[in-house]
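Read the structure below first, then the notes.
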Amino acid sequence: MLNFSKKLIDWYLQNKRALPWRTTRDPYYIWLSEIILQQTRVEQGTPYYFRFTSTFPTIKALADADEDTVLKLWQGLGYYSRARNLHSTAKKIAYEYDSIFPDTYKEIVKLKGVGDYTASAIASICFDEPTAVVDGNVYRVLSRIFGIDTPIDSTLGKKEFKALAQKLIDVRDPATFNQAIMEFGATQCKPKNPYCLHCPFNTDCIAFQQGKIESLPYKAGKTKVRDRFFNYLILKTPSAHTLLQKREEKGIWQGLFDFPLLESDVDLEKTELIAQLDLFSLKGVSGSVAFKSLKIKSIVLESNEPIIHKLSHQKLNVKFWVVRIADTSELQTIPIADFKKYAVPRVIDRFMESFDFENY
DNA sequence: AACCCGGGGGG
DNA sequence: CCCCCAGGGTT
């Protein structure tokens, strides 16, 4: 096509949104925005961008924070490894690179939590390096305009689209080109109901000409969702304390806190739960503590129906059980009033918003 | 190559 | 209900 880049950039200059990170080329802010925006819509990520830039105005401020503080600020955004890698990389840049952000794609892509897309975005936007970004928007725009049906979730597809984007990029202004193609995908060449009728490419676009807009981009993979059954035990002592435990192991919500969790293969009734509690243990002050060894006063299921919490590839069936126990020195309990200081999964935060600890 | 990792919103 | 979002890491 003749002058793809010029058409695209002309469209962009007329239609771009005023986004907060578009007022700077400081690699710290661009990097931060890119990490926040991974698999995340602009509207969802923007409040977090403001939160982070105001709490941590410099990369050193971020580096010097506790990981728990960073995770708390990230709470609710999901994909928490992004926050852990963000913090780890901030420390590295602050203390090994004297707070100087690396300035080439080759060096940037080595950073933890930074892949091909993010490195290309930072290198082009901050340092004018002509390396093409390929995100979900770019797949959509290129697959449609050029009529490419190679699966975007295949190795071949990734290579093919990267090469095409790299061929098309405007080496005179890669920063604008990269942002333009993403903006175009986000607001014009949308997944559903794109604005084809007044699209600057509608005479070129193969998908539009052939009526294939709905079927492109093509994805081969199918994500299968597995069912899990979570029983959270909300301990309550006479002094209004409860127990939160940090999730250290790999898996969902690593680094966040939650209540003692008994996972089962199926949904449990109260008698079944009590049977399984025989073998259940908690993280205690010194080693694990058998649930049986506690002085149980009552166990009450908070709501009859499990709360359904959907993740991309898991369907969580969550029940909250309130367990009144006697005071014990075996457990490092916290005042329930301190709950809000901890980074917790969304499903727990939401539950606690409408839960009255006093009633039990 | 396949799988894992959150949460929200649009249609 | 399904799909997608300024993807990256691990196995």
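Chain letters run A, B, ... following the sequence lines, proteins first, then strands; residues in each count from 1. Bear in mind the structure is a predicted one, so any value in this text is a computation, not a measurement.
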Heavy atoms from C-beta onward define the side chain here; which of [options] lies closest to that of [X]?
X	options	value
A:Leu37	B:dC4, C:dA6, C:dC5	C:dA6
A:Asn193	C:dG7, B:dG6, B:dG11	B:dG11
A:Pro191	C:dA6, C:dC4, B:dG6	C:dC4
A:Arg350	C:dA6, B:dC4, B:dG8	B:dG8
A:Ile252	C:dG8, B:dC4, B:dG6	B:dG6
A:Asn137	C:dA6, B:dC5, B:dG6	C:dA6
A:Glu183	B:dG6, C:dG8, C:dA6	C:dA6
A:Leu311	B:dG6, C:dA6, C:dG7	B:dG6
A:Gln38	C:dG8, B:dG6, C:dC5	C:dG8

What's the gap between [N] and [M] when it is taken at their [atom1] atoms, as a whole Å value?
N	M	atom1	answer
B:dG8	C:dG9	P	24 Å
C:dC3	B:dG6	C1'	15 Å
B:dC3	C:dA6	C1'	23 Å

With a 4.0 Å cut-off on N to O distance, would you call [X] and [Y] a salt bridge?
X	Y	answer
A:Lys212	A:Asp149	no
A:Asp116	A:Lys158	no
A:Arg350	A:Glu353	no

Could you check how far [atom1] of [X] sits from [atom2] of [N], rounded to whole Å?
X	N	atom1	atom2	result
A:Ile152	C:dG7	CD1	C1'	12 Å
A:Asp135	C:dC4	CG	C1'	12 Å
A:Tyr79	C:dA6	OH	C1'	14 Å
A:Phe161	C:dG7	CZ	P	15 Å
A:Tyr80	C:dG7	OH	P	18 Å

How would you label the contact of [X] with the nucleic acid (heavy atoms, under 4.0 Å): base, sugar-phosphate, or nothing?
X	answer
A:Arg226	nothing
A:Trp74	nothing
A:Lys112	sugar-phosphate
A:Asn178	nothing
A:Gly221	nothing
A:Thr118	sugar-phosphate
A:Val133	nothing
A:Val138	nothing
A:Gln314	sugar-phosphate
A:Leu19	base
A:Gly76	sugar-phosphate
A:Arg84	nothing

When the nearest nucleotide of DNA chain B is assigned to A:Leu77 and to A:Lys224 on a heavy-atom basis, which residue is associated with the more 5' position? A:Lys224

Of A:Arg346 and A:Arg228, the one whose closest DNA chain B nucleotide lies more 5':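 Nearest nucleotide further toward 5': that of A:Arg228.
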
Does a distance-only test, which skips hydrogens and angles, find a donor-acceptor pair under 3.5 Å between the side chain of A:Arg41 and the base of C:dC4? yes

Tell whether A:Ser81 reaches the base of C:dG9 with its side chain through a donor-acceptor pair below 3.5 angstrom.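 Answer is no: no donor-acceptor pair is held.
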
Start with the C-alpha gap between A:Lys246 and A:Tyr342, add the side-chain angles, then the distance that decides, and say whether side chain to side chain donor-acceptor pair (under 3.5 Å) holds. CA-CA 10 Å; A:Lys246 189 163 186 165; A:Tyr342 294 83; over 6 Å; no

Donor-acceptor pair, A:Thr187 side chain versus A:Phe184 backbone, under 3.5 Å?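 Answer holds: no.
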
Flag, side chain of A:Arg82 to backbone of A:Ile35, donor-acceptor distance under 3.5 Å: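 Indeed, once roles are kept as given, a pair shorter than 3.5 Å links the two residues.
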
Does the pair A:Lys319 and A:Asp267 meet the rule for a salt bridge (charged side-chain N to carboxylate O under 4.0 Å, His left out), with working shown? CA-CA 9 Å; A:Lys319 281 183 169 174; A:Asp267 184 64; 3.0 Å; yes

Should [X] be listed as having a side-chain N or O under 4.0 Å from OP1 or OP2 of [N]?
X	N	answer
A:Tyr139	C:dC4	no
A:Lys310	C:dC2	no
A:His309	B:dG7	yes
A:His313	B:dC3	no

A:Phe229: which residues meet the ring-ring contact (aromatic ring centres under 6.0 Å, His included) condition with it, sequence neighbours left out?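 In terms of ring-ring contact (aromatic ring centres under 6.0 Å, His included), with neighbours along the sequence ignored, A:Phe229 is linked to no residue.
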
Given Watson-Crick and G-U pairs under 3.5 Å, DNA chain B in dot-bracket ([ ] crossing, | other strand) is |||||.|||||

Judged by each residue's nearest nucleotide on DNA chain C, which is more toward the 5′ side, A:Leu111 or A:Ser312?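 By nearest-heavy-atom nucleotide position, the 5'-most residue is A:Ser312.
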
Both A:Gly113 and A:Gln179 contact DNA chain C. Taking the nearest nucleotide for each, which residue is further toward the 5' end? A:Gln179

Is the A:Phe101-A:Phe127 ring centre distance short of 6.0 angstrom? no

Run A:Arg172 and A:Ser5 through side chain to side chain donor-acceptor pair (under 3.5 Å) and show every step you take. CA-CA 10 Å; A:Arg172 296 165 305 174; A:Ser5 171; 5.3 Å; no

